[in-house]
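Presented below is the structure to which this report refers.
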Amino acid sequence: MNLRTASLAAVFLLPLQAGAQPVPVGSFPAKIVPEQATTLPLERGTVSDLADASRRLKRGDVVARVNVEKTEREREEMELQISKEKLAKRDELRKLESQRSKLHFYLNSLSDEERKFAKDMGGEDMQPSKEALADIEERISLLQREMDRMPQRKREEFERAHESMTVKMPYDGRLQYNITLPEDREKPFEYTASGSQPFATVCDDSAFYITINLNQTELTQLPPEQFSAEVALPDGKKLCGTFHHRRVEHNGSTDMLVYFFRLQPQDHETAYTMLGGNAKAAITFETGEDVRIESKAKLLNRPEAAESENWEELVQRMFPDYNIVLIAERDIVLRAKNAK
């Protein structure tokens with residue numbers, strides 16, 4: 001079937017022109033995504049201290065705590081254990097200091113004759129000598145450092161072991177709970193969900209993007225910064241995004257080249273309400289100054305269309321000095337073959 005017989009959904013005549021023009025490329029499935037998003041797990045148990053998800057939260061703000069009373073009991077037991085260990089180490093330190101005093105007296109205050117009669121100066125397992133005194137000095141130094149560091153070390157170990165009992169915001173942003181909360185959120189409640197189920201989701205609302213999977217070679221070879229995206233809203237308004245970056249994302253065994261179009265700050269509230277849903281985005285390509293644009297509808301009305309099987313053949317017949325830059329939704333963008 002030749003191009004002349006192709007069906008037209010609408011006739012859109014665009015006169016031959018040159019210069020920068022925004023050309024509609026087409027509509028594509030899209031999603032609205034935040035700068036980043038994270039799911040937050042929570043241990044099973046008694047939950048309390050819920051954060052207010054209706055307001056924007058700061059990094060480090062507590063989202064929820066679990067088993068607060070049990071944790072505090074364990075903290076008291078830990079502090080008691082620290083006190084007991086301190087007492088035990090102080091007793092050991094006093095014994096070592098006593099041994100050091102005896103050895104020091106034996107080595108520095110007694111004559112050789114007096115040393116013959118001195119006994120039990122170095123302890124049961126240590127003969128009086130300068131080496132024994134140096135060993136005791138080292139043991140005292142090590143024990144003192146251990147006494148100083150032990151409380152902090154045990155408290156840090158306790159906090160690490162109980163870290164999952166307190167969920168905090170990983171960054172500034174918005175919070176959504178993924179469970180049904182009780183009516184009275186001030187009262188503790190039992191949380192029994194499995195560990196694989198996220199308790200809440202946090203999104204970084206510092207930026208929002210329209211994301212589109214563009215794997216068509218004829219599009220991915222074009223300068224990405226010349227693309228823009230729009231999502232139409234039910235109230236007649238639009239979310240307009242400018243190209244920000246693109247990256248390859250993995251979806252199972254498939255690799256997708258995803259384009260990210262950044263939204264303006266004034267659209268963030270609307271974008272937040274659209275997270276997780278599917279949308280349609282209209283892509284536009286800014287052609288630049290060194291191209292000419294031909295309307296598909298106008299080309300189909302030319303006699304050459306009856307003899308052409310595709311757009312490439314038609315362009316070659318009508319514009320032999322031009323190459324196709326883009327076959328868009330309603331237009332064909334051309335560039336002279338001798339253009340730099």
Side-chain angles (χ1 to χ4, degrees), residues 38 40-51 57-171 187-195 199-200 202:
T38 305
L40 303 178
L42 185 68
E43 300 285 341
R44 293 182 180 183
T46 304
V47 178
S48 60
D49 301 317
L50 292 177
L57 301 174
K58 296 292 185 180
R59 181 173 184 255
D61 284 353
V62 173
V63 173
R65 302 183 196 273
V66 64
N67 295 338
V68 171
E69 293 185 357
K70 179 183 177 183
T71 299
E72 289 308 310
R73 288 196 301 270
E74 293 174 352
R75 190 187 303 278
E76 291 176 1
E77 294 174 1
M78 180 265 297
E79 293 292 343
L80 180 60
Q81 186 63 34
I82 288 175
S83 298
K84 289 180 178 179
E85 289 195 27
K86 280 184 176 179
L87 287 174
K89 291 185 183 300
R90 279 200 291 266
D91 287 342
E92 185 179 352
L93 183 60
R94 280 194 290 268
K95 291 178 181 179
L96 288 173
E97 289 173 340
S98 176
Q99 288 183 19
R100 180 178 62 182
S101 297
K102 290 179 181 181
L103 274 176
H104 193 275
F105 177 77
Y106 177 87
L107 295 173
N108 298 296
S109 301
L110 297 181
S111 64
D112 291 340
E113 188 66 26
E114 290 172 328
R115 287 176 187 152
K116 296 178 182 180
F117 300 97
K119 296 180 180 180
D120 194 26
M121 286 294 175
E124 297 179 357
D125 59 347
M126 185 179 297
Q127 294 300 316
S129 65
K130 291 183 179 180
E131 290 77 10
L133 181 60
D135 288 345
I136 287 182
E137 293 282 7
E138 184 176 358
R139 289 170 64 186
I140 288 174
S141 177
L142 289 172
L143 186 58
Q144 286 176 331
R145 290 203 298 270
E146 188 176 353
M147 285 178 60
D148 292 339
R149 297 176 182 177
M150 182 269 297
Q152 181 180 353
R153 175 175 54 80
K154 284 192 170 293
R155 290 179 182 122
E156 289 176 350
E157 290 173 353
F158 180 88
E159 295 301 329
R160 284 196 296 270
H162 292 76
E163 188 175 9
S164 60
M165 299 293 105
T166 301
V167 177
K168 297 181 179 180
M169 290 287 291
Y171 39 74
K187 292 183 179 179
F189 66 95
E190 291 303 313
Y191 179 66
T192 59
S194 63
F199 176 74
V202 174

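Legend: residues meeting salt bridge (Lys or Arg N to Asp or Glu O under 4.0 Å) with Arg73, ordered by chain and number and at least two apart, are absent. Residues passing the salt bridge (Lys or Arg N to Asp or Glu O under 4.0 Å) test with Glu77, sequence neighbours excluded: none. Qualifying side chain to side chain donor-acceptor pair (under 3.5 Å) partners for Asp61, counting only residues two or more places apart in sequence or in other chains: none. Evaluation of the ring pair (Phe, Tyr, Trp, His ring centres under 6.0 Å) rule for Phe199 yields Tyr177, Tyr191 as partners, not counting sequence neighbours. Every residue was checked against the side chain to side chain donor-acceptor pair (under 3.5 Å) condition with Gln81, not counting sequence neighbours, and none meets it. Looking at residues two or more places apart in sequence or on another chain, you find a side chain to side chain donor-acceptor pair (under 3.5 Å) between Thr46 and Glu190. Legend: residues meeting salt bridge (Lys or Arg N to Asp or Glu O under 4.0 Å) with Glu72, ordered by chain and number and at least two apart, are Arg75. Scanning for side chain to side chain contact (heavy atoms under 4.5 Å, CB included) contacts around Ser48 gives Arg65, Val68, Pro188, with sequence neighbours left out.
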Can you check side chain to side chain contact (heavy atoms under 4.5 Å, CB included) on Phe158 and Ile82, steps first, answer last?
CA-CA 12 Å; Phe158 180 88; Ile82 288 175; over 6 Å; no
Checking side chain to side chain contact (heavy atoms under 4.5 Å, CB included) for the pair Glu163/Glu159: CA distance, chi angles, key distance, verdict?
CA-CA 6 Å; Glu163 188 175 9; Glu159 295 301 329; over 6 Å; no
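Among residue pairs with one or both ends in residues 78-88, those qualifying as salt bridge (Lys or Arg N to Asp or Glu O under 4.0 Å) are Glu79-Arg155, Glu85-Lys154; sequence neighbours excluded.
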I'd like a table of donor-acceptor pairs (distance under 3.5 Å, sequence neighbours excluded) in which one partner is a side-chain atom from residues 90-97, with atom names and distances.
from, atom 1, to, atom 2, distance (Å)
Asp91, OD1, Arg94, NH2, 2.3

Taking only distance into account, with no hydrogens and no angle test, what donor-acceptor pairs under 3.5 Å do side-chain atoms of residues 164-171 form with protein atoms, sequence neighbours excluded?
from, atom 1, to, atom 2, distance (Å)
Ser164, OG, Glu43, OE2, 3.4
Tyr171, OH, Thr38, N, 3.2
Tyr171, OH, Thr38, OG1, 2.8
Tyr171, OH, Val202, O, 3.4

Cut-off 3.5 Å, no hydrogens considered: what does the side-chain donor-acceptor table look like for residues 143-152, sequence neighbours left out?
from, atom 1, to, atom 2, distance (Å)
Arg145, NH1, Ser141, OG, 2.9
Glu146, OE2, Lys89, NZ, 2.9
Gln152, NE2, Glu156, OE2, 3.0

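Minimum heavy-atom separation, Asn67 to Gly45: OD1-CA, 3.4 Å.
For Arg100 (side chain) and Glu137 (main-chain N/O), no donor-acceptor pair under 3.5 Å exists by modelled atom type.
Once rounded to the nearest 0.5 Å, the distance linking CG of Asp135 with CD of Gln99 reads 11.0 Å.
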